[in-house]
Amino acid sequence: MASTIQIRVDDDLKARSDALFKDLGTDTTTAIRMFLTQALAVNGFPFEIKRAGANPYRALAEHEMLDKLEKSREHAAQGIYKDAADVSRDMRTKYGL
């Protein structure tokens with residue numbers, strides 16, 4: 001049997017989330033299901049909860065972005081990468097999504 005969860009969110013939050021998850025190869029419903037599955041797996045929130053003021057989504061400084069891009073290029077040159085479709089498939093298999 002499957003249950004339904006209904007939540008109300010701001011229209012802009014929903015639209016931006018839908019676009020993000022679509023870009024990541026999934027949808028918002030699946031992302032929420034993944035959140036719930038991971039919360040059970042770690043027995044809590046599947047990410048760190050902090051007080052306001054500590055913004056984990058801050059913009060990167062230019063040198064930080066360039067460092068990350070360089071590391072990404074090095075990994076790609078070494079063949080260290082995963083295809084996004086493979087990652088999505090693996091997650092769906094692992095979490096029964």
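- The CG atom of N43 lies 11.5 Å from the CD atom of Q38; values are rounded to the nearest 0.5 Å.
- Between the CE atom in M65 and the OG atom in S72 there is a gap of 11.0 Å [rounded to 0.5 Å].
- What you find for P46 and F35 is that their closest heavy atoms are CD-CE1, 3.4 Å.
- Evaluation of the salt bridge (Lys or Arg N to Asp or Glu O under 4.0 Å) rule for D18 yields K14 as partners, not counting sequence neighbours.
- Rounding to the nearest 0.5 angstrom, the gap separating the OG atom in S17 from the CG atom in D10 is 9.5 Å.
- Under a hydrophobic clustering in which Ile, Leu, Val, Met, Phe, Trp and Tyr are joined whenever their side-chain heavy atoms come within less than 4.5 Å, directly or via other members, V42 and L36 fall into different clusters.
- Interatomic distance, K71 NZ to I80 CD1, rounded to the nearest 0.5 Å: 10.0 Å.
- When side chains are defined from C-beta on, R92 counts as touching T26, because their heavy atoms get closer than 4.5 Å.
- Defined by atom type and a distance below 3.5 Å, a donor-acceptor pair is missing between the side-chain atoms of D90 and T93.
- For the pair Q6 and T4, the minimum side-chain heavy-atom distance is below 4.5 Å.
- In this structure, E70 CD and H75 NE2 are separated by 10.5 Å, a value rounded to the nearest 0.5 Å.
- Atom CD of Q78 has more than 12 heavy atoms from other residues, nucleotides or ligands within 6.0 Å.
- Side-chain contact between L60 and K68: present, with at least one pair of heavy atoms (C-beta onward) separated by less than 4.5 Å.
- Few gaps surround CZ on F47; more than 12 heavy atoms of other groups in view lie less than 6.0 Å from it.
- Taking a 4.5 Å side-chain heavy-atom cut-off between Ile, Leu, Val, Met, Phe, Trp and Tyr, the cluster of F21 extends to L20, L24.
- The local environment of CD1 in I5 is sparse, with at most 12 non-hydrogen atoms from other residues, nucleotides or ligands closer than 6.0 Å.
- Ion pairing between a basic and an acidic side chain is recognised when a charged N comes within 4.0 Å of a carboxylate O; R16 and D12 show such pairing.
- To the nearest 0.5 Å, atom CD of residue E74 and atom CG of residue L69 are 11.5 Å apart.
- Cluster membership check: V9 shares its hydrophobic cluster with I32, using side-chain heavy-atom separations under 4.5 Å among Ile, Leu, Val, Met, Phe, Trp and Tyr.
- When the salt bridge (Lys or Arg N to Asp or Glu O under 4.0 Å) test is applied to D11, no partner is found at least two apart in sequence or on another chain.
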